[in-house]
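Single-structure report; data block below.
Quick note: residue numbers are just sequence positions, from 1. Atoms considered below: every heavy atom in the structure, side chains included; atoms not considered: hydrogens, waters and symmetry mates.
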Amino acid sequence: MPLTFQLAGQTVQVPDTGDGYNMHGGPDGFDTVAWDVSVGTDTVIYTHQFPAMVQPGTLSVTIQYRLTDDDAVVITYTATSTAPTLFNPTSHVYFNLGDTNNANDHQLQINAQQRIATAANKFPEAQNLPVANTGYDLRQLTPLASVFDALKDIPERGLDDIYLLDTTQPAATLQCGDTQVTLSTDRNALVAYTANNWDDALSLIGKTSGDHIGVALEPQYDPRDLAAYTLIPGDTAKYQTIYKLH
């Protein structure tokens, strides 16, 4: 998000996490805190309170992970706030459905005719770009090896892009051999990221970290539309993401 923006009639300033914008919720984001955890038979529930963006205020967040009998993980995000704030959480899980240390043998489909143009620092711009006749066209199941080849001359050498969804049930399908994961969401955008230009520095179980080790599919609202995910006192935000194994 931008470092300065208007929210509920006030100017909000957030920290620069690099390259002139605020990413992943900033230095005090969801991945930096110790959550309270409750474990049930088929659910894990995380709760935490964060400062709201318009102070003083408190953002109370609950995230439930539920495993269903038909091999789906249902993630439900719920939040209330005592002051105006933004709430646009996502899941940054990486999928590698095969036996190798990269996703070259995977196929990916994203139900989107457009993606959001980005600046050199990957910040979203106003323009929407058609995916047709480009290396970003994933409207059909497409081998990622061909995507990487089509995008080999850009700095990312892969996907790091925000797609505007036409269909959300499912929004995306990732497949390798006979194994398939579908993603369904109730929001209108999806970041696809293919672990570009990674090295072997990460410690992983069963695989070696490296370039294109996996695929992250991150549903969210169009990040340019702050009104879509502004949370005001008295309202409850509730979003859901479903990753289903087939």
Side-chain angles (χ1 to χ4, degrees), residues 23-24 71-73 75 90-122 124 128-185 187-220 222-223 241-246:
M23 185 172 67
H24 293 168
D71 297 322
V73 175
I75 309 174
T90 191
S91 172
H92 209 303
V93 63
Y94 286 88
F95 290 96
N96 183 317
L97 307 178
D99 298 323
T100 67
N101 292 320
N102 60 60
N104 290 2
D105 54 353
H106 289 50
Q107 297 179 78
L108 177 61
Q109 178 180 11
I110 298 178
N111 294 314
Q113 298 182 62
Q114 295 182 310
R115 64 186 181 95
I116 297 175
T118 56
N121 65 358
K122 304 306 295 183
N128 297 335
L129 302 174
V131 300
N133 302 313
T134 74
Y136 301 95
D137 190 350
L138 299 168
R139 290 174 293 173
Q140 305 295 326
L141 270 175
T142 303
L144 282 177
S146 68
V147 174
F148 298 148
D149 183 63
L151 303 179
K152 64 180 181 297
D153 294 328
I154 66 172
E156 294 85 356
R157 297 174 51 256
L159 298 173
D160 188 4
D161 295 273
I162 311 166
Y163 285 82
L164 296 173
L165 297 172
D166 298 318
T167 305
T168 60
Q169 307 292 327
T173 300
L174 182 68
Q175 183 171 311
C176 181
D178 295 329
T179 304
Q180 184 182 88
V181 169
T182 56
L183 180 154
S184 299
T185 179
R187 288 182 281 173
N188 66 358
L190 177 72
V191 171
Y193 176 59
T194 50
N196 311 314
N197 302 310
W198 282 21
D199 58 25
D200 60 358
L202 287 180
S203 177
L204 303 177
I205 298 174
K207 294 190 187 299
T208 301
S209 171
D211 193 25
H212 301 151
I213 178 67
V215 181
L217 301 170
E218 309 161 37
Q220 57 195 262
D222 180 339
T241 299
I242 302 173
Y243 296 105
K244 181 172 172 54
L245 179 66
H246 297 266

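We find the CG-CG distance between D222 and L164 to be 5.5 Å, quoted to the nearest 0.5 Å. Interatomic distance, CG of D161 versus OH of Y136, reported as 5.0 Å (0.5 Å rounding). Atom CD1 of residue I162 and atom CG of residue L129 lie 11.0 Å apart, to the nearest 0.5 angstrom. Separating the CZ atom in R115 from the CD1 atom in I110 is a distance of 11.0 Å, to the nearest 0.5 Å. The distance from the CG atom of L151 to the OG1 atom of T194 is 8.0 Å, given to the nearest 0.5 Å. Here the straight-line distance linking atom SG of C176 with atom CG of L108 works out to 12.5 Å at 0.5 Å rounding.
Taking both residues in full, the closest heavy atoms of R187 and T168 are given as O-CG2, 3.4 Å, listed atom of the first, atom of the second, then distance. Counting all heavy atoms, side chain and backbone alike, Y193 lies closest to E218 at CB-OE2, 4.0 Å. Scanning all heavy atoms of the two residues, the minimum distance from L190 to P219 falls at CD1-N, 3.5 Å. When all heavy atoms of W198 and G210 are compared, the closest pair comes out as CB-O, 3.4 Å. Pairing each heavy atom of N111 with each of A172, the nearest pair is ND2-N, 4.4 Å. Nearest approach of P170 to T182, heavy atoms of both residues: CB-CB, 4.1 Å.
Within the 4.5 Å cutoff, the side chain of I116 has heavy atoms near those of the P223 side chain. Here the side chains of L141 and Q175 are in contact, with some heavy-atom distance below 4.5 Å.
Although no hydrogens or angles enter the test, the distance criterion places no donor-acceptor pair under 3.5 Å between the side chain of D211 and the main chain of N102. Side-chain atoms of H106 come within 3.5 Å of backbone atoms of L97 as a donor-acceptor pair (strictly under, hydrogens ignored). Without hydrogens or angle criteria, N196 side chain to L159 main chain gives a donor-acceptor distance under 3.5 Å. A side-chain donor-acceptor contact under 3.5 Å links K122 to the backbone of D160. Distance alone, capped at 3.5 Å, places no donor-acceptor pair between the D71 side chain and the L245 backbone. The main-chain N or O of P155 is found under 3.5 Å from a side-chain atom of N197 such that the two form a donor-acceptor pair. With D166 contributing its side chain and Q113 its backbone, the two residues share a donor-acceptor pair below 3.5 Å.
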Next on the checklist: Set out, in order, the CA-CA distance, both residues' side-chain angles and the distance that settles side chain to side chain contact (heavy atoms under 4.5 Å, CB included) for L144 and H212, then state yes or no.
Outcome noted: CA-CA 10 Å; L144 282 177; H212 301 151; over 6 Å; no
Item to check | side chain to side chain contact (heavy atoms under 4.5 Å, CB included) between L138 and V147, worked out | outcome: CA-CA 9 Å; L138 299 168; V147 174; 3.8 Å; yes
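Applying the side-chain hydrogen bond (donor to acceptor under 3.5 Å, both in side chains) definition to pairs two or more places apart or across chains, those involving residues 138-155 are D137-R139.
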Solution key, residues 199-206 side-chain donor-acceptor pairs under 3.5 Å, sequence neighbours excluded:
{"residue": "D199", "atom": "OD1", "partner": "A201", "partner atom": "N", "Å": "2.9"}

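Of the residues listed (I242, I75, L165, L217), the one engaging T185 in a side-chain contact (heavy atoms from CB on, under 4.5 Å) is L165, and it is the only one.
Under a cut-off of 6.0 angstrom, the local environment of CG in N133 is sparse, with at most 12 non-hydrogen atoms contributed by other residues, nucleotides or ligands.
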